[in-house]
Protein chains: 2
Amino acid sequence: MEPDLVLDKVFELADRVGDLMHSTLKERGLTPARAGALLALHKAGRALRQRELGDVLRCTPRHVTALVDVLEAQGWAGRSAHPTDRRATLVALTDRGAEAAAQMAAERQDAARTMFGDLTEEERDGFLAVARRALHGMATLSEDRATSS
Amino acid sequence: MEPDLVLDKVFELADRVGDLMHSTLKERGLTPARAGALLALHKAGRALRQRELGDVLRCTPRHVTALVDVLEAQGWAGRSAHPTDRRATLVALTDRGAEAAAQMAAERQDAARTMFGDLTEEERDGFLAVARRALHGMATLSEDRATSS
DNA sequence: GTACATGGTGTGTCTTGCTCACGGTGTACT
DNA sequence: AGTACACCGTGAGCAAGACACACCATGTAC
């Protein structure tokens with residue numbers, strides 16, 4: 001069994017989950033990026049500056065503006081002025097947005113339980129250990145590339 | 001340890017590998033989709049109809065046209081008439097494309113070895129077993145959604 | 001030989017994501 | 001004070017990935 005095929009499985013797993021999520025989102029009228037923004041706000045549990053949102057989502061401030069534009073137009077979230085910093089804009093979920101985000105988070109957890117809920121503790125630990133070592137190997141690879149450039 | 005967090009790790013792993021691949025591709029002047037097409041042709045080992053390429057890449061025929069347009073313009077691949085079916089167009093790698101594809105495949109294998117190469121057979125089997133069960137659970141979920149719609 | 005299926009493409013749209021430049025605002029240091 | 005600088009969001013413009021619909025040329029089956 002080549003390491004190659006293990007990597008294939010990881011991608012297959014991520015792809016399938018991604019596909020499923022994508023299709024459930026479409027029913028809600030949400031795209032992956034917009035849903036990500038809602039979930040980020042949900043997880044934060046408070047209003048975020050657009051800048052903060054961009055940091056969490058790992059995208060540029062410019063893109064956050066566009067994202068929030070749509071979320072606001074469709075009633076998922078709203079902008080408000082920052083109380084003390086007049087440069088900043090706060091983004092908060094509307095009731096509708098909060099409900100959708102909570103539901104999506106719950107669905108994600110259900111899916112995770114369906115996939116990994118019936119594992120023994122041993123199996124889970126073994127799986128995570130392998131994943132962690134792989135991530136560490138990856139990090140090493142990335143650093144090598146960074147220093148050699 | 002919640003199943004939730006296991007899913008997070010899978011995504012993290014896939015994301016990191018994806019990021020690394022993306023950056024190596026950019027140095028070559030390739031985008032993910034175009035590189036995918038080259039690798040698909042490489043793996044097939046023969047010229048493919050555009051339709052076949054679309055099936056492998058899981059995208060629409062229209063998108064294949066656009067993809068091949070660019071690959072052809074940039075000298076990675078070339079079109080030729082199908083010898084017997086005059087509707088069909090065959091896509092084949094140029095020498096340059098074949099070389100790049102082979103190199104990318106080798107790099108991918110190297111990365112996989114860095115991540116999973118030092119596992120014992122037991123660890124690898126355990127990991128794969130978990131992944132397979134998760135995939136199976138996913139499939140069940142997807143079917144449920146399909147029948148209930 | 002007619003009806004239908006298949007293969008590729010023109011046109012148009014949407015989403016994600018980037019850069020660059022800019023105006024308004026905070027902050028720190030003279 | 002005032003000046004320099006950093007930070008926040010946004011206007012404008014662009015590239016990539018991907019979809020649907022309509023269309024024409026070609027194969028195929030009846």
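Note on naming: letters A, B, ... go to the chains in the order of the sequence lines (proteins, then strands), and numbering restarts at 1 for each one. Note that the structure is a prediction, hence the values are computed from the model and not measured.
We find that CG of D19(A) is positioned 11 Å from P of dC19(D), with the value rounded to whole Å. If you take NE2 of H22(B) and C1' of dA15(D), they are 11 Å apart, rounded to a whole angstrom. Taking atom CD of residue Q50(A) and atom C1' of nucleotide dT25(C), one finds them 15 Å apart after rounding to whole Å. When the C1' atom of dG10(C) is taken as reference, atom NE2 of H63(B) falls 16 Å away, rounded to whole Å. Atom CG in D85(A) sits about 8 Å away from atom C1' in dC7(D), given to the nearest Å. Between the CG atom of D15(B) and the P atom of dG17(C) there is a distance of 11 Å, rounded to whole Å. Between the P atom of dG7(C) and the CZ atom of R79(B) lies a distance of 16 Å, rounded to the nearest Å. Rounded to whole Å, atom P of dA25(D) lies 20 Å from atom CZ of R51(B).
Side-chain atoms of T65(B) lie closest to dG8(C) of the nucleotides dA18(D), dG9(D), dG8(C).
Phosphate proximity of dT16(C) to R34(A): present, with a side-chain N or O under 4.0 Å from OP1 or OP2. Taking side-chain N and O atoms only, R49(B) has a distance below 4.0 Å to OP1 or OP2 of dG7(C). Taking side-chain N and O atoms only, T60(B) has no distance below 4.0 Å to OP1 or OP2 of dA18(D).
Below the 3.5 angstrom threshold, one finds no donor paired with an acceptor across the side chain of R62(A) and the base of dG17(C). You won't find any donor-acceptor pair under 3.5 Å spanning the side chain of R86(B) and the base of dG27(D), going by distance alone.
Position along DNA chain C of the nearest nucleotide to R87(A) versus L30(A) favours L30(A) as the more 5'-ward residue.
For the pair P83(B) and L90(B), the tightest heavy-atom approach, listed with the atom from each and the gap, is CD-CD1, 3.9 Å.
Look at D4(A) and K9(A) and you find no salt bridge, because none of the NZ, NE, NH1 or NH2 atoms lies under 4.0 Å from a carboxylate O. R49(A) has a carboxylate O that lies under 4.0 Å from a charged side-chain N of D85(A), or vice versa, which qualifies the two as a salt bridge. Here R108(B) pairs with D8(A) in a salt bridge; the nearest charged N to carboxylate O distance falls below 4.0 Å.
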Using distance only, find each side-chain donor-acceptor pair of residues 13-26 of chain A under 3.5 Å and give its atom names and separation, not counting sequence neighbours.
unit_1	atom_1	unit_2	atom_2	d
D19(A)	OD2	R58(B)	NH2	3.2
S23(A)	OG	L20(A)	O	2.8
T24(A)	OG1	M21(A)	O	2.8

